[in-house]
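A short write-up of the structure that comes next.
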Number of protein chains: 2
Amino acid sequence: MDRSRIEAIQSYIRAADYISAAQIFLKKNALLTEPLKRDDLKPRLLGHWGTCPGINFTYAHLNEYIRTHDDADLLFVLGPGHGFAALQANLYIEGTLARYYPEAALNAQGLQYVVHGFSWPYEFPSHSSPATPGVILEGGELGYALATAYGAALDNPHMTIVCMIGDGEAETGPTATAWHLNKIVNPADNGHVLPILHLNEYKISGPTLYGRMSDRDLKALFKGYGYEPIFVEGVRIHQKMAAALAVSRTLFEARRKEAAQISSAGISSRPPIIILRTPKGWGGIKRLHGEKIEGNALAHQVVATEAHTDELQFKAVAQWLASYKFHELFDPEHGFARAVLSVLPEPNRRMGSNRQCFGGKSVCVDLLVPPTVRYVNKQITRGVSKASSMLAAGEYLRDTSALNAQNKNFRFFSPDETYSNKLQAIFEHTPRAWMQKIEPWDKDLSPSGRVIEMLSEHTLQGLLQGYVLTGRHGVFASYEAFLQIIASMADQYTKFIRVATEIPWRGSVSSLNYILTSPGWRQEHNGFSHQNPGFIDAMLQKHGCFVHVYFPADRNSTILTLERCLSSKNQVNLIVAGKSMEPEWLTPKEAEEAMKRGVLVWHFASDEDPHVVLAAAGDYLTAETLAALELIKRDAPEIRVRFVNILELSALGIGNEECRAEFTEFSDYFTPDKPVIFNFHGYPETLKQALFDHQDGQRRFRVHGYREVGSTTTPFDMHVRNGTSRYQIAKEAFELMSERGVITKEKATHNIEQIETLLTRHRAYIKEYGVDMEDVQTWQWKQS
Amino acid sequence: MDRSRIEAIQSYIRAADYISAAQIFLKKNALLTEPLKRDDLKPRLLGHWGTCPGINFTYAHLNEYIRTHDDADLLFVLGPGHGFAALQANLYIEGTLARYYPEAALNAQGLQYVVHGFSWPYEFPSHSSPATPGVILEGGELGYALATAYGAALDNPHMTIVCMIGDGEAETGPTATAWHLNKIVNPADNGHVLPILHLNEYKISGPTLYGRMSDRDLKALFKGYGYEPIFVEGVRIHQKMAAALAVSRTLFEARRKEAAQISSAGISSRPPIIILRTPKGWGGIKRLHGEKIEGNALAHQVVATEAHTDELQFKAVAQWLASYKFHELFDPEHGFARAVLSVLPEPNRRMGSNRQCFGGKSVCVDLLVPPTVRYVNKQITRGVSKASSMLAAGEYLRDTSALNAQNKNFRFFSPDETYSNKLQAIFEHTPRAWMQKIEPWDKDLSPSGRVIEMLSEHTLQGLLQGYVLTGRHGVFASYEAFLQIIASMADQYTKFIRVATEIPWRGSVSSLNYILTSPGWRQEHNGFSHQNPGFIDAMLQKHGCFVHVYFPADRNSTILTLERCLSSKNQVNLIVAGKSMEPEWLTPKEAEEAMKRGVLVWHFASDEDPHVVLAAAGDYLTAETLAALELIKRDAPEIRVRFVNILELSALGIGNEECRAEFTEFSDYFTPDKPVIFNFHGYPETLKQALFDHQDGQRRFRVHGYREVGSTTTPFDMHVRNGTSRYQIAKEAFELMSERGVITKEKATHNIEQIETLLTRHRAYIKEYGVDMEDVQTWQWKQS
């Protein structure tokens, strides 16, 4: 790299560093046209200076790289979102910001707008956010950048995703395992991921683990992870960085070449990782009150926090800001100097403008979904014929995958549970992605596989987010209990998508679709660790009508739910359904009606003018409740019962009136005044919080659901222990009906005693034989 | 290792392998005294065979090691809890099981009991659990073994924690970063952790990433992580394993020696990791129906699942079980053969009997807590004087640490936020643990530091669990939002502790104590990613009176809460409190009363016979609500108001009557019939689900709390956006009081208009000046 280019890059970085620092400190006088006064400072000094210079250094070099390589298509994922002041500075310089925020013009006024607006109420936030062009990761909660970058790279072979990872973020578990994605993602038909591990060596108040590792250990570690480490540090750092990018290109090309002819022996060439070591707060205040600032943890956040009142600090800030001589680089009328501008690629090739990050029609090709008619069962024998929702879902996903094979925009993700969740039909179309050795006896593995299995829910979630936010489509299926592992990531995603949909220039993206299966109700043998419906609750609490939780009661409903979720936009969808053989309840037409309304009176199981309503959400709970209904009718046919099935909670408007389906009136389903016994798939509390806002919810509803009971038991006893069994529901109905005078007290007592006897017999049977009694095992609906 | 010892070990393993397999398959005929019949098989075949032989191999060698090393004090942490059949087999052989389950005698009957009881209703589960002696990790949700093992090692210098990690588990993020704990945990005064990475190369249905890595990459990776990898595989595997344990000992000794004289340059010697490669399902069925079983994913779970109906499978199982010739190793009357027994250490030194795992007095020394009197402020000026709860908590933690310095049984854990959360006073007593290089300008770092900071919430949670379950005490402080990262781990822990307290032979352990600070209400500048009260909800849903969530309103309450939490046993405690300077409300005596009751009418802010109740939980919400109360009294002094502050939700019995404090009657606080406006720290839904079960909760309570609103704002505007501001609360009170005829409609309208004007003015001010208006910033209580 010749001297003049280095000088240009240095000018660029100087400008970016100044604008980064100015955003943190200056309310006015953004150009420092007058000597700095105390009153120019923001009243609250907020932001993180320490990581900014390294980001600016990197961004500048990436710009130069794009400019000098016609085929370069770079997307930038910034791990530490708190380095936003730097990202914003670069977006401003490259003019991307002005495209979306016209006030951010390239003149004195525009600069003032940007500098003032950072971390200012109703203006810009202090972190990367959906309001930032080019951003697909907020980065406020650390750890997810690398998996997100790999997700963006999937099926984008023309792209390179540059992922900057702070050495703080590198300490997180999700980052520590995402490195292994080079063993799964095939460079032959996916994009490259260029990780830049940024060692600025300090976190908030102390050193980082990676920052103090020896170069020898770092080299060994990343070699071990399967990368080729390239160190960029110390003297001649600009030349080293340029060389590192050139070497990276060569390594990527070699690896892609090898991948194109890969054998079952796997791939041996390594992708690069750049290990960039720069001082924390590089170029900022060196020392203050006798303490080392630059190159120390003290440079992490705002340096000189007392600048308003401490004369020494104020002077240090003034000198520091002046040291950039920004006036040399920026003209109040015409903007940036030629040297700065010379580093920029053509407008449409600038990283902040990468169209992959903006969603919408230009990047997001709608998913083709197979017509459900081929997958539903028109010939159900209600409550008698049986089917596995997941086996059917697997077929639907297989054909979805096939239908979109040309577009290469659909992927399926699962820890290592595709088989275990009975979704393996998808392997008939596409196997699992795998770049390591493949043995003759291995099944469903191939370098070109489109299913991604890795025993890291964090990694899968990151991949899916990156994939979806760059305009593609995906499904993440997991044991219900273990999605709770990524509750926090999903929280962050829902927060992101909520704000993103409010940004006018962000186009639609597809929904994030989860299948929660192998649910707790059938995990009695695996024990309490495999029973956790908490993820449902975490998502429902996100207060948005864009979160949908579906509880399809049978196979036909599952297929229709899948179709809706896969066709939807900007949502977070949870499909909660089991994998075992369960009764089929709804004809395709009825399932369609259930889908439309979200909630349905099942007329085949309901009387006119009911005394009591039985309600259920969830397939296992539905069957158990209908068995209860049979018991009630057997022993007290005079009790008029209605059965209501809830396919989608928020359709009722419970919890959030705004989300209610238009034709849904609460009392149409639950009557205006009759007691309701509700058998709910999740924690009873989840339903209770949703019912709280609803008229009379509290007085009329008895809520049953999953409770923490521990221990090993069997399917039927799971229900008994949790109070959701047919027996307990029937008992409660008898009690309520006797209270209301529908049946006599004597009759209720008699019926309840009978049920108690049955229960005792059942418990004894289970203890002796280890399985449910025959009549529970083979129970089928007799009413219709 | 001489031939005869290898033979003895082989006998031991044969016995253990047989018992492992028998548990999965046999309902009766446990000794195979008669030819196997179909009816001998369990009706449901459950369990995981694949990992068992490797566990048995390891356990046998560890036994031999203990037996031959008088100073060996080993605790065994099994990562994959689904390998329980193997663990149970070893516990049975070593007689530990019979200690706690007398039916598990060492004779034919006892064997039958153990074999039959595996994964059988009301008997043993299929996974490790608190009902298993020697277990401190359930291992159903993978990923937490290594951090747990390090936690058990802390302050146990006499011990070696052997941690077996499956190659499936190794793919998880939490495991991938926990390896770095060797950079923090000092071998000079802590125990050794011996990780055994068990490569059996397959997960449920495919290969593992680690299983297919080359030895070269594995070696580089673990060298990079700072370990000395020792491979055990292939021929002469017994000799290699024995040698590996011997080399490990040498490496540990060398490292401890170096650590004892460590300089600021850090430590260079490496602890060992054993990389053990054994075939999946080693010694089981080789092939079935033409498919490779042993050494393939097909051996992961139950092999030959159709043995009931498939003749070939049945025969294969029969042959396989017979192949162990178990009758040679076990006498129906006298139990195991001498060769098997010869591998066992003395009874009290057997791993399942390690007393560290049993809690109770013998291992758990009560924490000494400083008398609160020294930390509380007796001279508060109510609502005027200010204090930071976290600064005070830091001092209390500092002195707790000092008080227990001799016992070495207290640790403090935080991602990298001790300073940021203003808890840094603890560093006056003890710095952060650090084994890498220390620079002259570094602060609060030392190899002997007792505070553990690492930017991995997963690692900290694992450490704390391991530390607490082996009888010690700890506190985990974090930004409130980021505890959600470990929601799933904490879920698993609460499930564990719930069952553990029901096991008669498990003694008490101290509580798991969390401080949730830097809460969302003051994270307006960091944005929505830093706002997430979801962890509170995740914990409250665990349905146990052992989960406590405290919302101390001020510094005095915080100190008393800390004391209670640190002195408690077997609980999970969340202390939710801010770090900024906030008004002091309660004298020490009042705070004590609040602590006792969990909820308190604040008489200084309450009228007799109120028209309306204002209630708050949370420090920021309390101040805001009291400001509302002042507005109400200013504009309508005739409205009689009561103010109720909730320190601990479950003390009221809301959500769970069983948890109610004995003298707490709901209506004593909230009146029998008056409307209640509740300003809640967390999601409104969290309170709603808790109130649902309570009389009239739904009709009388208006619940305000954190809602997802996104964007950057200021503290005051956070409240406005969320509907928790003084203005909105006062407005609602005026509305309600006009509805109830306490004030005229005209007056209400007038007051509400005034408030609207104030609100508009405030918003404009914030937008212009970037901070709250002066009268919000400097607001103080005037009523008293």
Side-chain angles (χ1 to χ4, degrees), chain A residues 43 46 119-122 125-127 138 140-141 168 171-174 176-177 180 183 203-205 209 212 217 220-221 223-224 292 296 416 419-420 436-437 441 455-456 458 484-485 487-488 495 499 525 527-529 541 543 683 685 688-689 692 698 707-708 710 712-714 766-767 770-771, chain B residues 43 46 119-122 125-127 138 140-141 168 171-174 176-177 180 183 203-205 209 212 217 220-221 223-224 292 296 416 419-420 436-437 441 455-456 458 484-485 487-488 495 499 525 527-529 541 543 683 685 688-689 692 698 707-708 710 712-714 766-767 770-771:
Chain A
L46 298 167
S119 200
W120 192 271
Y122 308 102
S126 65
H127 282 60
E138 205 266 0
E141 183 168 296
E171 292 181 16
T172 65
T177 199
H180 290 296
K183 300 177 178 66
K203 295 177 287 192
I204 304 181
S205 69
L209 293 174
R212 292 280 160 94
D217 279 0
L221 184 69
K223 283 251 184 199
K292 179 178 166 75
N296 190 9
D416 65 332
Y419 268 100
S420 180
Q436 293 183 294
K437 192 177 179 192
W441 55 86
L455 214 166
S456 166
H458 295 106
Q484 180 73 344
I485 292 170
S488 198
K495 284 163 177 271
V499 177
H525 58 293
F528 58 76
S529 65
Q541 278 189 331
H543 304 157
Y683 286 123
E685 286 75 14
K688 287 177 182 175
Q689 69 190 30
F692 188 87
Q698 186 184 14
R707 292 188 301 131
E708 298 291 344
T712 305
T713 174
T714 62
I766 286 167
K767 198 166 180 179
V771 289
Chain B
L46 298 167
S119 200
W120 193 271
Y122 306 103
S126 65
H127 282 60
E138 204 267 0
E141 182 168 297
E171 293 181 15
T172 65
T177 199
H180 290 297
K183 300 177 179 65
K203 296 176 288 192
I204 304 181
S205 69
L209 293 174
R212 293 279 161 94
D217 279 0
L221 184 69
K223 283 251 185 198
K292 180 177 165 76
N296 190 9
D416 66 330
Y419 268 101
S420 180
Q436 293 183 295
K437 191 175 179 193
W441 54 85
L455 214 165
S456 165
H458 295 106
Q484 180 74 344
I485 292 170
S488 199
K495 284 163 177 271
V499 177
H525 57 293
F528 57 76
S529 64
Q541 278 189 330
H543 304 155
Y683 286 124
E685 286 75 14
K688 287 177 182 176
Q689 68 190 31
F692 187 86
Q698 186 184 13
R707 292 187 301 132
E708 298 290 344
T712 305
T713 173
T714 63
I766 286 167
K767 197 165 181 183
V771 288

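We name chains A, B, ... by the order of the sequence lines, and we start the count at 1 in each one. Quantities reported herein were computed from a predicted structural model and do not represent experimental measurements.
Ion pair A/E138/A/K495 not flagged as a salt bridge, since none of the NZ, NE, NH1 or NH2 atoms sits closer than 4.0 Å to an Asp/Glu carboxylate oxygen.
Not counting sequence neighbours, the partners of B/Y683 by the ring pair (Phe, Tyr, Trp, His ring centres under 6.0 Å) test are A/H543, B/Y706. The salt bridge (Lys or Arg N to Asp or Glu O under 4.0 Å) check on A/D217 picks up B/R270, with sequence neighbours excluded.
Proximity to chain A (any heavy atom under 4.5 Å) is shown, for B/I766, by both the backbone and the side chain. Of the two parts of B/H458, only the side chain, counted from C-beta on, holds a non-hydrogen atom closer than 4.5 Å to a non-hydrogen atom of chain A. Residue B/K292 touches chain A through its side chain alone, counting heavy-atom pairs closer than 4.5 Å. Of the atoms belonging to B/E708, heavy atoms from both backbone and side chain fall under 4.5 Å from chain A. Residue contact with chain B, scored on non-hydrogen atoms closer than 4.5 Å, involves the side chain of A/Q436 exclusively.
Taking CZ from B/R707 and CD from A/Q541, the interatomic distance works out to 14.0 Å, rounded to the nearest 0.5 Å. Between A/Q689 atom CD and B/Q689 atom CD the span is 4.5 Å, to the nearest 0.5 Å. Note that CD of B/Q484 is 8.5 Å distant from CD of A/E141, once rounded to the nearest 0.5 Å.
Ranked by heavy-atom pairs under 4.5 Å with chain A, the first of B/T713, B/L209, B/V771, B/N296 is B/L209. The residue among B/S205, B/A176, B/G527 with the most heavy atom pairs within less than 4.5 Å of chain A is B/S205. Options A/K437, A/H525, A/K183 differ in how many heavy-atom pairs under 4.5 Å they form with chain B, and the most are formed by A/H525. In terms of heavy-atom pairs under 4.5 Å with chain A, the best-connected choice from B/A220, B/S119, B/S456 is B/A220. Annotation: maximal heavy-atom pairing with chain A below 4.5 Å, among B/L46, B/T172, B/T712, occurs at B/T712. The choice from B/T714, B/V499, B/T177 that makes the most heavy-atom pairs within less than 4.5 Å of chain A is B/T177. In terms of non-hydrogen atom pairs under 4.5 Å with chain A, the most contact-rich of B/S420, B/G168, B/G770, B/S529 is B/S529.
The main-chain N or O of A/K203 is never found under 3.5 Å from a side-chain atom of B/D416 such that the two would form a donor-acceptor pair. Remark: side-chain polar atoms of A/E171 are paired, donor with acceptor, to backbone N or O of B/L455 under 3.5 angstrom.
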